[in-house]
Structures are given as C-alpha cells and as structure tokens.
Participant: 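If you scroll down you'll find the structure; I have some questions about it.
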Amino acid sequence: MKLAKTYQPELYEADIYALWEKSGVFAPTEQGEPYSLVVPPPNANGNLHMGHALSFAMQDIAARYHRLKGERVAFIPGADHAGFETQVVFERELEKQGKSRFDYSRESLYEQIYNFVEQNKENFQTQIRKLGASVDWTSYTFTLDDSIVKQAYATFKKMWDENLIYRGERLVNFCTKHGTAFADIEVSYQEEQGKLWKIRYPLSDGSGEIVVATTRPETMLGDTAVAVHPKDNRYVGMVGKTIKLPLTNREIPIIADEYVDIAYGTGAVKITPAHDQNDFEIGQRHDLPSISVIGFDGKLVHSVGDRFRGLSVLEGRESVINALKESGYLVGEEELTHSVGHCYKCGTVIEPLLKEQWFIDIKPLAQTALESIREGEIDFLPESKRTQLERYLENIKDWNISRQIVWGIPIPAFQNEEDPADWIYDERVNQEVITVNNKHYRRDPDVFDTWFSSSSWPYATLGFPDNQAFKDFYPLSLMESGFDLLYPWLSRMIMLGLYVTGEIPFKKVYLHGMITDEQGRKMSKSIGNVTDPMEAIAKFGSDALRIGIVSGQTPGNNQPYVEAKVIGGRNFINKLWNIARYLEGNIESFEDKSVEAYSAIDNWILNRLSTTRNSYQKNMDSYRFSEAYELIYHFIWDDLADWYVEASKSEPNKPLLVSLLKASLVMIHPFAPFVSETIWQTLVLNQDSLLINHPLIDLPKGDRVQSDRFDSIKSLILEIRSLIKATGAAKVKLYYRNEPLVASFATLINQLGGTISVEDGEPGQGVALVASGFSCWLDIDQEAIDHYVTRLEKLISEEQKRTRSLHDRLNNPKYIEQAPENLVSESRAQLNESEQTLENLLDEKMRFSPRQ
RNA sequence: GGGGCUAUAGCUCAGUUGGCUAGAGCGCAGCAUUCACAUUGCUGAGGCCCAUGGUUCGAGUCCAUGUAGCCCCACCA
C-alpha cells in the first residue's frame, strides 16, 4: 500500500504545493470565462494571523472552484509595505539597540527598513504557501514596486491637475510620540474619566464676566475668542465686547455662533482654533487667528513670563490650573466622562495640531462611488454593508494623505524655497532640491498615506491602462476582506477605481467578520488568547484548518476559532483518506472506464451524487461555501463510506467506485486541496493529470425505481438496527413473507442490520417491523418484548401527532385552495402513509396487549 | 443622537425566494470492535427557534413594538 494508515499532512503538503507551483497551474489559462481576485495585501513584514487564514481560505476556495469550472482564474498575491505599521515595528527594533529613528538620515533609515522587510518577506510568503493559497506567484506585487509607485503618482497627478489635491493648514490628528499625522479614521477613541473646569473670563470693560467650561485648560493660552449662542439671553448683550484673557491678559472677542449648545456647561465656550476641530471651524467662520500652544513634540510652546513653556500637556494643564487658582479665576471643577482620541499603535493621546498637509477633495469621488453603489453595480455580502458604506460616503470628510514618516512613497511635490505658496508636481523625488525655471524647489519630506497607494490595488496590480491582464480581468470578480476594512480600504478602492478607470474595481464584495476566541473575545496578545494559524496547521494540517474555519462561516458575522471544528475537519479528511485506502486495496486499475449501474444501490448512489453535485454548484456559485461543504461532507461520509462502500463490499462495482471517488475528490478539492491532490497523485488516477485543474465530474443519473428500492431497504435496515438497540435483544433472526425485495437483499440486510440471519418465515413469529412497511419480523427474546411495547407506544404517539397535524392541514379549505397543488397532493400522500403506519402500529400493539 | 448586526440543542453555529417531522459539528448516554478508518461504527437523549402583536392557508424565516448583547459613526466646551 502506498497510502499510510492515517493521513499525515506534514508528509505531503509541501511537496504537493511545490508540484502545483512548478506545473504552472496557478497562472490563468488561455481559455475560459475570466475570474479574478486580488489578495488584500498582508503586511510584508508581519506574520499571518487567523483572519488572514480565513481570508485566504475563502479566496482560495473561490479560485479553485472556478478553476474546476474551467474558468481562467487570475488570483493575484501581494504584500503591503504598511508604512506606519512597519516603521513602528522597526523603531522598536532600534529602541532595543538603544537607538532612535532620529539618529539616522531619511535615506539611511529607508534603506534599513527596506532590508528589514526584505529579510522578513520570505517568512510570510512561506505562510501563504502553507495555507495552500493557489495564488499566481508570477504576478506577485509589492506596494513599493515601481509599477505601483507610478500608479500612485499618476493618480496624484490627475487629481493635482483637476484641482482635487490641495495643501492646507488644517488641524491634523498628531501622535507626538511617533511624530506623524493620521487620517480621522485611524484615530481610536476611548471613553475616559476627565474633569470639566470652569474658568472666569472677565470682560475688558469691567462690566462683568463670562464663565467658560473646558476639559483642556492648558489650551486657553491659545484662545482667540469666546463663543456663545446668538439666542442665549444670558449673553446677548455681551456679543461684540472683548474679554481680558486670564494669565496672558490678551484681549479676545465674544462672538455668537450657532454651534454653541445653550444647555451644555455654562453655555459659553472658549475658542482655540489651533487645538480643537470645532474651534478651528468656528475660527474660519469668524476669521479668528490661530495660536498654537502645543508643539509637535507634545510640549507647550507658549509661555507667560517664564512659566509653561517646555512642559508636557499634562504638566501644563496642572500648571495652568494652579495659576488660575492662585489668581482666583478657577470657579469650579466637576468630573465627566468623555471620549479621547488615541494613537491606535501606542496609545498616546492624539493632539489636534495645526499643520500643512496634502488633502484630497474627496466629495466628488464619493459622489460617483455612491451612485454606483446605489445602482447596485457592486454586490455586497452581507447586503447590509452596502447601507453602511452609503452612510459613510454621504458624510465623508477630506482625506489627509501626508504622513511624516520615511517608510512609504515620497510625495512628488516640491516647494519654492523663496515662495512657500508655490508648489509644483515633480517625480524627481530622489533629489532633495530641483531647479525649475531658475527657481529652487525643495522636496516635500512627507510620504503618502499607505491607503492611498493600496487603494489603487485592483487596477494597479493588473497594469492599468495598457496591460492585457487589465483588459481581461478588470473589474475583479471578487474582493474578499474583513469588514473592518470597509471604510479605510474598500470605500477608497471604489472611489479611486471609478475615478481612475471609470469603472467599479470589483463586482462582488464578500466581507468576513473578525475571528475571536471561543468566548467571543477579540484575539489579543495581552489576553494571551491568540491562536497562530501556523501552529494549527502543524497540529492538524492545512486542510483541517481550512475546513474548521470555513464551516459555519457566514458573511459579516464574527466567528470564534473553535479547535473542535478543526479536529472535525481532520477526522473527515482521514475518513476520505481511508475510503481511498479501501479502494487502493481492492481495486487494480484506476483508469477511467465507462460507468454502469448494475444494482439498486449503484443507482441510488448515482442519484445521491447527482443531487449533491447540483446543490453543491448552486451553493458554491453564491458563495455559500459552508453549505456546499456540508453537502459533500455528508455525501462522502454518510452516503459513500457508510452505505455505498459497505453495501458494495460483497460485489463491488469497481469502475463506479473509482468514478465516485474521483467525483468526490474534485468537489472536495477547494476545501481540502492537499489531501485530495495527494490521493489523486498517489493512486495515479491518471498519469500527468493534476486534480487542481480537473473539470467537475458528472456521472449519469441512476434509475429512479431502482434507487427508491434501495432507499426502502435502507430504511428497513435502520429500523432493524434501531429495534435491536431499543429492545436490547441479541442474536436475532429476521423473517419475511412475500417480500421479494427483502429476499433479494437478504445478505445485505443481514450484514448491515446486525441480525444473524434473514430468511423466509411464517407470519406471526416475533415482532413486526411496521415503520418501514415490509412484512418482516424479528424473533426477539421474551425479555425484550417489554422494551418493544414501550417503543411501540412512543412510535404510536408520534405517529398520532403527525396524522392529526396532517388532518388539520387538509381540513383547512383555504390550504386546499391557496397552497400550491404539489404541496397539497404531497400532504395527502403523507396522510395516507401516516394513517397506514399508525394502523399497523396499533395492530401490532394489540397483539402484545390485547386487553388495552 | 444616527446607522448596522445578533438572539435557534449543553457549547459553537447553519437554516437560499415563507412550505409541512428545525439541522450540523463538538459534547453527553449506551452498545460494538480481528473489516479502509478509534482521527472508527451503531443507537439514542437533548429545542415554547428571546418576548408580544400583526400579515398569511402556512412564520425560525416577512412586518411592528419591546427586551438583551455587540459593532460602527457623530457629539462630548
């Protein structure tokens, strides 16, 4: 035997993957309907987590299935430079060596990170192979590849020319530890306990005062107004007057703005345009100056006398409070809960700081995207994500694409050294200073937000606009991703795709939920509940992991990682393996031969296959992979292994067995690629052939009458088994009378039913098998009769219930009138059958307890 | 405040456009075991499908309200 007793994945997986890769089957074929999907690029520097495993599994199932259907599948892998993420990891490495990013020049740092990523790149590529992902490695793309950079520049240029790019001094979300700004959606907000201080602001003319409430007293040094609501009677006479700002004695105006909530706090708000988004907007409306109090290092830059400057924000806050207390301006403080933005990486409080940045005027792009989405050009699974995306796009804000890090694509913009307002687009980013028209321009030191380049992924990887791949495979057939990327990535791919190519980037979006631990908690290093997919593969095999995470999977819902399901997958794989072993030991030739059905069970299994095959395809086509898997699982385990193989042991129909195995292997292949290909290769089912690109197999349908005969024999066998177990009888004989079907299946019934013999006999012997409707008797011993009667009573009560409910249904004239005819006639047939069974059961009971 | 999701067996979850006796895996109970497979086979127990109301011949499925839990966005002076 070539097949070992149990399937040991570690012996085969690497070789099988290498075989596929070497034979070039991952690349698209020349013929067939195009089917395309591009992998959401994982961080080139990281390890794959369970979410990646799920995502790759879903995509690979789709890709493999469409290959089996004979389509030309483009399944494109890639990696993301993950700008900020990676730089943070690298900075941690530097920290360990007692160094910091500021010890190196920009160029040197870039090079070091580049090498760092290169070294680790192989790691994650190996992991993708271990997952069995059938990606076309020849089209592998990295987000810093020249082609991608060129795309990013082309897109930026197009926006620049069309005035969709602007540079503005805006409030940006700044992490003072990492020294970079973030987009709004990258800020992570947390509820926190804080304090609301009330501060007295005296009017300059001495006619009174206004009390303002604030959670950030340190920013008062940069106040440039106090705002009240125009309809607030308390302050209506003060609007237009000025206030003498405590501590600095600067005079600032009292303004009226609808933004102020009369009911909140004191109804008066200090306005600090340099450190608060709403204040900034009010400042713009009222033409207020902005005074920065906090620097990019998170230290106060403002001083009163020699106080405050150089203090951290928190120290400054305390210091300002003390100063206000000393001078009697602080009139109250209370506790409050508010949400505070943090750096999603290091937890540092995000400071809104004024900074010149590049922005994309995103509204026109969002509008186009909205129209496409509303018109249903993209299918969403689950559908509810469409609505969510629409809401997001309706309220979208301009996109800050500048990042103050080195690990990324340099922004191709240069600033006139003499005229700061004069910016030009130029791609000579490897030069710090360029000369154009005798003027010197200095390169913007910033790089693009990683999402800016990765949002071009669908068309950039395919080589927009001229590559054949783009023409053949755009828009993509499928985009599979975690739902957490709906806003940061999916929305932007749709916007940029439409903007650049004029077409949606993908036709279908499948969004999976997050993988949690078994208690539904997020996997996190600090809780210690993380399961590494590579460990799971080492323990149970790649196929088992795939089955474990895909079965029961539905779009949009979080799912726990349940090891028992992976074990279930492993067990199933072993079952499949052992079916193959059985065939290996009993069949001489695995060549294709024409299939003929001789027996009732041959016809039965062919019908089971055909039914399974149809539903399988329906479910696979609609991305209901879990349903499809369950179908094959039951076909292979229950129908094929437990019934067909068992029943055919005495007289095996060998060509049919071979065909059934082949058909099963093809269908299960997307779910269990390694074991199915291993069996295919080991049994040399066909020299030179690979399972991975074998077409789905259709066998002839079985004869209905023949097939039904086996179904009734099967239910007889089930009844025998059940009865023997229920009565506890041992060594029982089955008798039948005038039952040619039973007679012809006598050997099989005896073998599978667990009797000691099946023979023609006199009616009245033993107890009757009424449920399956044959005139058969089991000669159970006397002690077992009591159990038998109990069981009969249970069956009778169940059957009565059923008869009653069928009666009720058919006695309802509206049901007869309005329900479809086939349902009504089906109900009638069921009632007949049920009444017959009930009668038999009652008769049988009378025989044993006639007095009742 | 706005939007979205979830509630089905002890656990984790399926359940296509409403259709008749609601499924799976694991777990549990019992029985078996020289057979391709103990990563096994066989039998079985276990469910007011969150609640109430509605639509319908018919509701786990559709609608409304409520309860409980979760997520996202906005606000938070």
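Computed from a predicted structure; not experimentally measured. Chain letters run A, B, ... following the sequence lines, proteins first and then strands; every chain starts at 1.
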Participant: Give A:Tyr392 one of three labels, base, sugar-phosphate or nothing, depending on what nucleic acid heavy atoms sit under 4.0 Å from its own.
Facilitator: nothing
Participant: If the C1' atom of B:U8 is compared with that of B:C73, how far apart are they to the nearest Å?
Facilitator: 31 Å
Participant: Parallel, tilted or perpendicular: which describes the rings of A:Trp637 and A:Phe572, with under 30° parallel and over 60° perpendicular?
Facilitator: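 Ring orientation of A:Trp637 relative to A:Phe572: parallel.
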Participant: Regarding A:Asn557, tell me which of base, sugar-phosphate or nothing describes its non-hydrogen contacts under 4.0 Å with the strands shown.
Facilitator: sugar-phosphate
Participant: Report yes or no: does A:Asp279 contribute a side-chain atom to a donor-acceptor pair with the main-chain N or O of A:Thr272 at less than 3.5 Å?
Facilitator: yes
Participant: What would the secondary structure line of RNA chain B be in dot-bracket form, counting Watson-Crick and G-U wobble pairs under 3.5 Å, with [ ] for pairs that cross earlier ones and | for pairs with another strand?
Facilitator: (((((((..((((.....[...)))).(((((.......))))).....(((((..]....))))))))))))....
Participant: Can you see whether A:Phe483 has A:Lys385 sitting over its ring - NZ or CZ less than 6.0 Å from the centre and within 45° of the normal?
Facilitator: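 Satisfied, under 6.0 Å and within 45°.
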Participant: Just checking A:Phe483: base, sugar-phosphate only, or nothing, at a heavy-atom cut-off of under 4.0 Å?
Facilitator: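 It contacts nothing in the nucleic acid.
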Participant: Run the ring-centre check on A:Tyr623 versus A:Phe625 and record whether the distance is less than 6.0 Å.
Facilitator: yes
Participant: In terms of ring plane angle, is the pair A:Tyr7 and A:Tyr12 parallel, tilted or perpendicular, where the classes change at 30° and 60°?
Facilitator: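 It falls in the parallel class, under 30°.
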Participant: Which part of the nucleic acid, if any, lies within reach of A:Asp484 when heavy atoms closer than 4.0 Å are counted: base, sugar-phosphate only, or nothing?
Facilitator: nothing
Participant: Once you apply a heavy-atom cut-off of 4.0 Å, does A:Thr215 come out as touching a base, just sugar-phosphate, or nothing?
Facilitator: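 Result for A:Thr215 = sugar-phosphate.
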Participant: For A:Asp257, is there an ion pair with A:Arg285 - N to carboxylate O distance below 4.0 angstrom?
Facilitator: yes
Participant: So what does A:Gln818 touch, heavy atoms closer than 4.0 Å: a base, only the sugar-phosphate, or nothing?
Facilitator: base
Participant: On RNA chain B, compare the nucleotides closest to A:Phe572 and A:Tyr264; which residue's is nearer the 5' end?
Facilitator: A:Phe572
